[in-house]
Amino acid sequence: MLISLRIENIALIDRLEVTFDQGLNVLTGETGAGKSVVIGSIGIALGGKFDRTLLRDDTKDGMVEVLFSLEPAVKARLLEGEVLPEDLLEEDELVITRKLSKNRVVNRINGETVPLARLKETAELLINLHAQHEQTTLLSPARHLELLDAGSEKVQVQKAVVRSLYQKAEELEAQLGSLDMDPAERAKRMDFLQFQLEEIRDAHIVPGEDEELEQEFRRMSHAEELLSVCQEVRQLTGDDSGDGCGSLMSRASRRIQDVSRYEPDSPLPGQLSEVESLLSDFNQSLTDYMQEITFEPEELRRISDRLDLLNGLKAKYGRTLETVQETETVLAEELHRLEQAEEETDRLRGELEEARKKLGIAAEELSELRKEAADPLVRNVTATLEEMNFSHVEFYTEFRKKNEIQKDGCDEVVFMLSTNLGEEAKPLHRVASGGELSRVMLALKATLSDVADTPTLVFDEIDVGISGVTAQRIGQLLRKLAETRQLLVITHLPQIAAMGDTAYRIDKEVSGEKTYTTISELDEEGRVQELARLLGGDRITDSILQSARELLTQS
């Protein structure tokens, strides 16, 4: 269940926080007050588009945060589907936060940053948002197939099987395509691959060899300079002459011994002796290093040629010698496939034929499951439409075969509708008015929500194009839906607003030179006043107030 919504710096909203209740939550307000901003912010929290054009003040961050309570069944679905790790679901509440900061959006679930795809996948199990534009999408037959599939778990499982087999067939076709070349072209490709492989193999690559050779090349090519430096240092630190550090250190060491005659416990002689020993060790290491420095033109040339070869291979086949060896493996595999092209082609064709056969069978099974799922969907939607004042409604699904099997199977599904007695049913997109679309969408949502078991449903202006008795019927249906789940409904109609368990009013207020959107929960008298506004507009009389009280009492 959605517990609370917090919005900061979005459109007309500076800062807004609202707490929702169980059952039917009704939101009303004047046109332009910001109702769509509130619902749009919920959409942002669920993974919708969030960019700087939405910010009230583009020098500050924008933020939307929603807090949900997690029922055991919902938590189980999040864990079973590996949507979220267990450590994020230790509590019985879940917070989704989206913050627009410095031209980037940060998505968090319970304080942990997550990819947008994971946030959307999580949100889908918690809340279903029906925005105004969704009624238009109902006109697309492609959407009809999605809605039908959403109503059956068996269909969704089989659909995944079809998608997997379709991808397998696509992969096999791609592999066949890579072998589909004329013999002359194949022979040319094989010669080139053989040349590349011989070039790599003849080098007898040893990983790390290039780094060792580069170090040796640097030392050998600078041998004369290295020797000059070392000889100078040897003169300064050695004891070959009286001016060397070694000679001076020996003299100092002998002289410091006199201190011991008068101060037997003095540490100075020992310390100087350690320094003299370290200097002696350094001079020995320096001598050994100088003996290792050689300059052999032939060896330098050999190292240079070897480095040129290895660097040339890296330039052609990879940035490192390890990558060059990996490329060798790839080239060898391709050469092997081409050498076995005829056998490989026959094998792939056989596998592709088998894959297509399995795909065809799976697609037919999916089609049968869809037809089975269509029966209860049609019955339930028809019954719900009749509840919403369609007295002579005919609703059913028409199946058509696609020209070829695709990743979602071989079916095209069209919702057919007739709303008048004796009138032939036609595709939904050809007959439905705005009000009829609203009711059909609500009927589908009501039917599919039982299958999806989504805890919270949000309807943005589901009452478009309806009034009177129909509005009353829709309000009753929403009230019935709210017995088993939480509903948030934006409406302009008093018949629907009166049905709410909890009511909120969204207002636009001016303070100073700025306009703000606010939201407040209404008490009973506030609900009467709001229903009177919906019934009578600006001019509210005592009779309108009485009608509002009666409507609220009846509901």
Side-chain angles (χ1 to χ4, degrees), residues 171 174-175 177-241 243-246 275 277-341 343-344:
E171 291 168 4
Q175 292 179 35
S178 68
L179 296 175
D180 187 18
M181 58 178 71
D182 61 58
E185 186 68 25
R186 182 162 58 244
K188 183 178 179 181
R189 177 62 180 166
M190 289 171 62
D191 285 345
F192 184 59
L193 288 170
Q194 190 66 50
F195 166 78
Q196 290 179 307
L197 284 169
E198 289 176 359
E199 186 177 34
I200 296 173
R201 289 168 177 169
D202 289 348
H204 303 290
I205 292 172
V206 178
E209 177 189 7
D210 52 340
E211 296 176 1
E212 294 177 5
L213 288 175
E214 285 171 359
Q215 183 177 351
E216 184 68 20
F217 180 81
R218 283 195 299 270
R219 185 169 69 172
M220 188 172 289
S221 59
H222 295 87
E224 187 175 344
E225 181 181 350
L226 285 171
L227 279 173
S228 176
V229 170
C230 290
Q231 285 169 355
E232 183 180 351
V233 173
R234 185 73 179 81
Q235 283 183 328
L236 294 171
T237 62
D239 54 8
D240 297 338
S241 66
D243 296 333
C245 188
V275 174
S277 177
L278 288 171
L279 182 61
S280 177
D281 290 344
F282 169 76
N283 282 323
Q284 183 59 53
S285 297
L286 182 61
T287 300
D288 294 342
Y289 178 69
M290 291 171 66
Q291 291 174 349
E292 292 176 0
I293 298 175
T294 59
F295 177 72
E296 299 177 11
E298 288 299 323
E299 180 64 10
L300 183 62
R301 188 178 300 110
R302 184 194 71 79
I303 293 173
S304 178
D305 291 344
R306 180 65 177 170
L307 280 173
D308 287 344
L309 174 64
L310 296 178
N311 289 331
L313 292 175
K314 288 192 291 185
K316 288 183 178 181
Y317 303 112
R319 296 175 61 184
T320 66
L321 293 183
E322 289 81 0
T323 307
V324 174
Q325 289 181 312
E326 292 171 2
T327 301
E328 177 189 351
T329 302
V330 173
L331 295 175
E333 290 173 352
E334 184 182 354
L335 179 61
H336 177 74
R337 285 198 305 270
L338 291 176
E339 288 173 340
Q340 306 295 322
E343 295 178 11
E344 184 72 359

| Distance in Å, Thr327 OG1 paired with Leu197 CG, rounded so as to fall on 0.5 Å steps | 10.5 Å
| message | Just so I know, are the side chains of Gln325 and Leu321 near enough to count as touching, which here means a heavy-atom distance under 4.5 Å? | response | no
| message | Please report the interatomic distance CD(Glu211) to OG1(Thr320), rounded to the nearest 0.5 Å. | response | 9.5 Å
| said: side-chain contact (heavy atoms from CB on, under 4.5 Å) for Gln196 and Tyr317? Distances and angles first, verdict last. | reply: CA-CA 9 Å; Gln196 290 179 307; Tyr317 303 112; 3.4 Å; yes
| request: Give the C-alpha distance, both sets of side-chain angles, the deciding distance and a yes or no for side-chain contact (heavy atoms from CB on, under 4.5 Å) between Ile205 and Glu328. | output: CA-CA 11 Å; Ile205 292 172; Glu328 177 189 351; over 6 Å; no
| Got Val206 and Glu212 here, is their nearest side-chain heavy-atom distance under 4.5 Å? | no
| task | Among residues two or more places apart or on two chains, list those pairs meeting salt bridge (charged side-chain N to carboxylate O under 4.0 Å, His left out) that have a residue in residues 183-196. | result | Arg189-Glu334
| note | Heavy atoms of Glu339 and Met190 approach each other most closely as CG-CE, 3.5 Å
| How far does CD of Gln340 sit from CG of Leu335, to the nearest 0.5 angstrom? | 9.5 Å
| field | Qualifying residues under salt bridge (Lys or Arg N to Asp or Glu O under 4.0 Å), relative to Arg301, sequence neighbours excluded | value | Glu298
| query | Rounded to the nearest 0.5 Å, how far apart are CZ of Phe192 and CG of Leu331? | reply | 8.5 Å
| query | How close do Arg201 and Ala332 get, heavy atom to heavy atom, and via which atoms? | reply | NH2-CB, 3.8 Å
| remark: Closest non-hydrogen atoms of Leu309 and Ala203, given as atom of the first, atom of the second and distance, are CD2-CB, 4.1 Å
